[in-house]
Amino acid sequence: MIQRMRRTVSDLHAELVRYDLVAWTAGNVSGRIPGEDLFVIKPSGVSYDELGPENMVLCDLDGNLVEGDHSPSSDTAAHAYVYRNMPEVGGVVHTHSTYASAWAARGEAVPCVLTAMADEFGGEIPVGPFALIGDDSIGQGIVETLKGHRSPAVLMRNHGVFTIGKDPRAAVKAAVMCEDVARTVHVARQLGEPLTIAQDDIDRLYDRYQNVYGQRSPR
């Protein structure tokens with residue numbers, strides 16, 4: 001199971017590059033080991049071209065290195081705090097994607113003015129507090145902002161994007177969609193004030209996308 005998660009997390013880092021969400025060695029994906037107090041995360045400062053399952057690192061939920069030849073990501077404490085305090089979360093992603101980070105630099109939530117936002121985020125993409133890297137302060141801000149919120153993404157002020165999901169792939173999808181809608185809403189604002197969507201319609205769109213859209217496994 002650990003080896004499978006190493007492969008999954010390694011492969012998903014390529015999606016961050018594919019969707020232009022990261023630069024140089026910034027950004028990271030992690031995945032919780034189901035049924036264990038462990039998660040796999042990217043090593044610190046290693047080029048995306050050099051990433052593979054063999055250099056993903058295994059940590060406990062206090063952020064301590066359990067297995068691996070590299071130091072874990074500098075964001076490990078934030079990921080660990082999320083896993084400790086949100087047991088439903090199976091994957092966490094961090095990026096500095098351009099448009100979403102620009103909203104974070106302004107300390108402004110991305111308003112829900114697109115049906116795609118209602119589908120994926122169930123409302124606005126909220127802003128979390130400013131926090132310095134190095135301890136679990138960022139993790140605290142993520143949890144405080146997203147607990148009880150539909151959005152799987154938070155814009156940490158003056159920093160960037162953190163997303164959560166039931167598994168690492170869902171968290172990566174949220175990061176991709178966060179950047180996509182942040183860009184579109186930014187462009188809309190250059191043309192004028194975007195039109196709002198009524199809350200009842202947001203609720204309907206969110207329910208449909210979460211519970212009806214896509215393929216369902218046969219029972």
Side-chain angles (χ1 to χ4, degrees), residues 1-87 89-98 100-101 104 128 131-143 152-156 158-176 178-179:
M1 194 175 293
I2 291 172
Q3 288 306 109
R4 192 180 310 126
M5 185 61 75
R6 284 178 184 271
R7 167 65 67 182
T8 296
V9 170
S10 174
D11 289 349
L12 285 170
H13 279 91
E15 298 298 293
L16 302 188
V17 176
R18 176 185 176 194
Y19 287 98
D20 200 24
L21 303 185
V22 295
W24 202 241
T25 62
N28 39 72
V29 179
S30 71
R32 187 199 294 262
I33 306 299
E36 303 286 345
D37 290 335
L38 299 167
F39 66 98
V40 170
I41 192 168
K42 173 181 174 284
S44 178
V46 175
S47 167
Y48 280 81
D49 291 338
E50 298 173 9
L51 292 181
E54 70 283 353
N55 55 24
M56 296 295 110
V57 296
L58 183 68
C59 296
D60 64 24
L61 296 195
D62 290 317
N64 300 311
L65 179 66
V66 173
E67 184 178 286
D69 297 326
H70 296 76
S71 298
S73 166
S74 55
D75 292 301
T76 296
H79 290 241
Y81 188 90
V82 172
Y83 288 129
R84 288 199 309 272
N85 290 276
M86 301 182 80
V89 171
V92 179
V93 172
H94 173 47
T95 79
H96 299 155
S97 59
T98 303
S101 294
L132 293 175
I133 197 167
D135 57 20
D136 60 15
S137 298
I138 293 173
Q140 292 178 36
I142 296 167
V143 171
V154 55
L155 311 177
M156 293 299 288
N158 300 105
H159 187 170
V161 181
F162 281 85
T163 61
I164 58 174
K166 64 180 182 180
D167 54 36
R169 183 174 181 80
V172 169
K173 179 194 175 188
V176 172
C178 178
E179 178 64 4

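All figures in this text were calculated on a predicted structure; none of them were measured in a lab.
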Quiz item: Looking only at heavy atoms, what is the nearest atom pair of Gly91 and Ala171, with distance?
Solution: O-CB, 3.6 Å
Self-check item: Pairs satisfying side-chain hydrogen bond (donor to acceptor under 3.5 Å, both in side chains), at least one member in residues 53-63, at least two apart
Solution: Asp60-Asn64
Practice problem: Decide side chain to side chain contact (heavy atoms under 4.5 Å, CB included) for Val92 and Val89; before the verdict, give the C-alpha distance in whole Å, the side-chain angles of both, and the deciding distance to 0.1 Å. | Solution: CA-CA 8 Å; Val92 179; Val89 171; 4.0 Å; yes
Exercise. Evaluate side chain to side chain contact (heavy atoms under 4.5 Å, CB included) for Asp75 paired with His79, printing each intermediate quantity in order.
Key: CA-CA 7 Å; Asp75 292 301; His79 290 241; 3.9 Å; yes
Quiz item: At what distance, to the nearest 0.5 angstrom, does OG of Ser44 lie from CG of Asn28?
Solution: 9.0 Å
Quiz item: Does some side-chain heavy atom of Leu58 sit less than 4.5 Å from a side-chain heavy atom of Ile33?
Solution: yes
Practice problem: Applying side chain to side chain contact (heavy atoms under 4.5 Å, CB included), name anything that partners Ser10, two or more places apart in sequence or on another chain. | Solution: Pro53, Met56
Practice problem: Kindly indicate, with the supporting measurements, whether the criterion side chain to side chain contact (heavy atoms under 4.5 Å, CB included) is fulfilled by Val29 and Ile41. | Solution: CA-CA 6 Å; Val29 179; Ile41 192 168; over 6 Å; no
Quiz item: Is a side-chain N or O of His13 found less than 3.5 angstrom from the main chain of Tyr48, in a donor-acceptor match?
Solution: no
Self-check item: Distance (rounded to the nearest 0.5 Å) between Thr8 OG1 and Arg169 CZ
Solution: 10.0 Å
Quiz item: Got a sec, which residues hit side chain to side chain donor-acceptor pair (under 3.5 Å) with Thr163, two or more places apart in sequence or on another chain?
Solution: none
Quiz item: Tell me, do Met156 and Val161 make a side-chain contact under 4.5 Å, heavy atoms counted?
Solution: no
Self-check item: Closest contact, heavy atoms only, Phe162 versus Ala78
Solution: CE2-CB, 4.4 Å
Self-check item: Closest non-hydrogen atom pair between Thr76 and Ser73, with its separation
Solution: OG1-O, 2.6 Å
Self-check item: Heavy-atom pair of closest approach, residues Ser101 and Gly160
Solution: OG-CA, 3.7 Å
Quiz item: By ring pair (Phe, Tyr, Trp, His ring centres under 6.0 Å), which residues pair with Tyr83, not counting sequence neighbours?
Solution: Phe39
Would you list the atom pairs, donor with acceptor, under 3.5 Å between side chains in residues 17-26 and any protein atom, with sequence neighbours excluded?
residue : atom : partner : partner atom : Å
Arg18   : NH1  : Glu15   : OE1          : 3.1

Quiz item: Sequence neighbours excluded, which residues qualify as salt bridge (Lys or Arg N to Asp or Glu O under 4.0 Å) partners of Arg6?
Solution: Glu67
Quiz item: Are Arg84 and Asp136 close enough for a salt bridge, meaning some N to O gap below 4.0 Å?
Solution: yes
Quiz item: Of all heavy-atom pairs between Ile164 and Met86, which one has the smallest distance, and what is that distance?
Solution: CD1-CE, 3.8 Å
Self-check item: Check: His96 ring centroid to His159 ring centroid under 6.0 Å
Solution: yes
Self-check item: Glu179/Thr98 under side chain to side chain contact (heavy atoms under 4.5 Å, CB included): CA gap, chis, key distance, verdict
Solution: CA-CA 8 Å; Glu179 178 64 4; Thr98 303; 4.0 Å; yes
Self-check item: NZ-CG distance between Lys173 and Leu12, expressed to the nearest 0.5 angstrom
Solution: 13.5 Å
Quiz item: Does any non-hydrogen side-chain atom of Ser97 lie less than 4.5 Å from one of Leu16?
Solution: no
Quiz item: Just by distance, do the side chain of Arg32 and the backbone of Leu38 share a donor-acceptor pair under 3.5 Å?
Solution: no
Practice problem: Would you name the heavy atoms of Val154 and Gly128 that are closest together and state the gap between them? | Solution: CG2-N, 3.5 Å
